There are 2 protein chains.
Amino acid sequence: MASTDGDRRPKYQRIADTLREAIQAGEYVPGDRLPGENDLMNAHRVARMTARQALGVLQSEGIAESRKGAGVFVRAFRPLRRRGIQRLSQQQWGSGRSIWSADTENRDLVVDQVQVTEEAAPEHIGAVLDLEEEGTVCVRRRRFVLDGKPVLLATSYLPMGIVAGSAITEENTGPGGTYARLADLGFKPVHFREEIRSRMPSKDEARQLGITAGTPVILICRTAFADEGRPVEINEMTLDAASYILEYDFDA
Amino acid sequence: MASTDGDRRPKYQRIADTLREAIQAGEYVPGDRLPGENDLMNAHRVARMTARQALGVLQSEGIAESRKGAGVFVRAFRPLRRRGIQRLSQQQWGSGRSIWSADTENRDLVVDQVQVTEEAAPEHIGAVLDLEEEGTVCVRRRRFVLDGKPVLLATSYLPMGIVAGSAITEENTGPGGTYARLADLGFKPVHFREEIRSRMPSKDEARQLGITAGTPVILICRTAFADEGRPVEINEMTLDAASYILEYDFDA
DNA sequence: GAGTGGTCTAGACCACTAT
DNA sequence: TAGTGGTCTAGACCACTCA
């Protein structure tokens, strides 16, 4: 009998390992309900907090997610593919298409919330955009929803000195979107820089994206440059990491 | 007196919020020790598990990290900048420099472990690389260390049919690295694709990278293509997300 | 050796979900 | 309404760190 085993790892880790292996072996598939706290207490003769800790391990690994009052379930991973470079090529926004449509791959990514305001530039924004004195910025905040689930928050900053009076200050920027309007204004973006990092979400980000424990966010900060290296837009994006794969294609 | 407040948020959340605000207000700076479990029990009149939960919130957010027997400390974030496109331009590896050296920005990023083997190709690798029948791959596994801390695991797969007998199968690939050797062999990489995602680390990844709770990993899968779109290398990288900012610069 | 975080027990009450 | 996860208490012992 191996019941009095000499394993020196914590009980909750052993329980978590058992469940993880069962998931990886296909005994539970995405969407399945895992044994609950009560099940684990009985099966492994442990206290509630210990069973709870075991389930917490899987949640913090992003393998499982709990639904209050219902149970703990195996998570699915079905991401979007976001092509970082092709999506910003001339053909895309030069020909009347909104750049975001390239994201969807026939899935239903739509704008959920839009808010356009004029604000004083945050310090880190003003330091990059060349603002005239009294420089305010046009701030476009949008949330994107995929299949009913929020997956992307985007906040775009543009110098008011450039975009005042244009459709960029409207909720609907018209065919080709913001970049086509910038081109109309003589500030056609010709170069982009995207900076990417990842971390755990703040409470506010988790709320807005409906993120469960164990899921990081990806942050993309894109700067668009017009001729002569003039920065004309900064777009700060927050992505649910479980919903995205980013792709960059380029030549040597 | 506000001691019997009507706040309906969990105690541990309120305690965590208090600490988080103190950190953001600069009362604690990176490296500082936060109040411990005992301190919080006394200060907020709660049980150990509740104080513990509060500290757990900050750790899972990546704001703090615990050191056994020592305390809970505010974390620092001092990332490397990895330039995804410039680093692979001709000048870099065409002129005798190892591409990784562009990563460092005067910081000390060095290879810590190298392992070169010949193996049967994993299924997802063989499906992308054009392997001859009996196709094995040269597998180069490396770990990179920054200031004594591991930050990057890289596993590179190359078709044995191409690289057999070359310096690519040695630990030291010579000036210009793997890509210069591929060029010598007539398979100069001319196009790259990098796919990026992020998730929480597996236990093994966390161990190899020395990752603490609350830190995701970034996964980069790079495919290098020679002429006629022939894939000649797949490099799967696992990055400590707290150590990296990725950058992609490109024209419209 | 004093203090710290890590694990664990055995209870309890609550809000929520599903039926 | 029965079952679920979420929160919380009041203890306990351990391994570890640091002075």
Side-chain angles (χ1 to χ4, degrees), chain A residues 3-19 28 31-61 63-75 203 206-207 210-214, chain B residues 3-19 28 31-61 63-75 203 206-207 210-214:
Chain A
S3 66
T4 60
D5 60 326
D7 198 334
R8 60 239 160 279
R9 296 207 332 296
K11 289 185 186 179
Y12 78 93
Q13 282 287 4
R14 294 204 297 261
I15 299 174
D17 290 349
T18 304
L19 290 171
Y28 304 96
D32 279 1
R33 181 170 174 275
L34 292 172
E37 294 176 359
N38 297 330
D39 300 317
L40 295 177
M41 287 168 67
N42 295 331
H44 296 88
R45 319 298 310 165
V46 293
R48 159 162 257 103
M49 284 304 297
T50 307
R52 195 172 169 66
Q53 252 182 308
L55 291 169
V57 169
L58 301 183
Q59 292 176 63
S60 74
E61 288 175 349
I63 297 172
E65 72 186 326
S66 65
R67 294 206 283 274
K68 215 181 332 187
V72 180
F73 300 82
V74 180
R75 270 184 44 174
K203 198 183 320 191
R207 185 180 48 74
I211 281 180
T212 62
Chain B
S3 66
T4 59
D5 60 326
D7 199 336
R8 59 244 160 274
R9 297 206 333 296
K11 288 185 186 181
Y12 78 93
Q13 281 288 4
R14 294 204 297 261
I15 298 172
D17 289 349
T18 304
L19 289 171
Y28 303 97
D32 279 1
R33 182 170 174 274
L34 292 172
E37 295 175 359
N38 297 329
D39 301 316
L40 296 177
M41 286 168 68
N42 294 331
H44 296 90
R45 319 300 310 166
V46 294
R48 159 161 256 101
M49 285 303 298
T50 307
R52 197 174 167 65
Q53 252 182 308
L55 292 168
V57 169
L58 300 184
Q59 292 177 61
S60 73
E61 288 175 351
I63 296 172
E65 71 187 324
S66 66
R67 294 207 282 275
K68 216 183 325 188
V72 180
F73 300 82
V74 179
R75 271 184 44 173
K203 201 182 318 195
R207 187 181 46 74
I211 280 181
T212 62

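No experiment lies behind these values; they were computed from the predicted model shown. Proteins come first, then strands; the chains are lettered A, B, ... in the order of their sequence lines, and each starts at number 1.
- Residue B/R48 has no polar side-chain atom (N or O) positioned under 4.0 Å from OP1 or OP2 of C/dC8.
- For A/Y12 and C/dC8, the shortest distance from a side-chain N or O to OP1 or OP2 is not below 4.0 Å.
- In plain terms, the two heavy atoms of A/L58 and A/A16 that are nearest each other are CD2-O, 3.8 Å.
- Checking B/Q59 against A/G69, the closest nucleotide of DNA chain C that is more toward the 5' end is the one next to B/Q59.
- Heavy-atom distances to DNA chain D give each of A/R67 and A/M49 a nearest nucleotide, and the one nearer the 5′ end belongs to A/R67.
- Residue A/G36 comes nearest to A/L55 through the heavy atom pair C-CD1, 4.2 Å, listed as atom of the first residue, atom of the second, then distance.
- Taking only side-chain atoms of A/A47, from C-beta outward, the nucleotide of D/dT9, C/dT9, D/dT7 with the closest atom is C/dT9.
- Checking the phosphate oxygens (OP1, OP2) of D/dT9, a side-chain nitrogen or oxygen of B/K11 falls inside 4.0 Å.
- Between B/T50 and D/dT9, a side-chain N or O to OP1/OP2 separation shorter than 4.0 Å is present.
- The side chain of A/N38 places no N or O atom within less than 4.0 Å of a non-bridging phosphate oxygen (OP1 or OP2) of D/dG3.
- Ranked by how close their nearest DNA chain C nucleotide is to the 5' end, A/A70 and B/S66 are led by B/S66.
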| message | Between B/T50 and B/H44, does the side chain to side chain contact (heavy atoms under 4.5 Å, CB included) criterion hold? Intermediate values first, please. | response | CA-CA 10 Å; B/T50 307; B/H44 296 90; over 6 Å; no
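- What you find for B/R33 and B/A70 is that their closest heavy atoms are NE-O, 3.3 Å.
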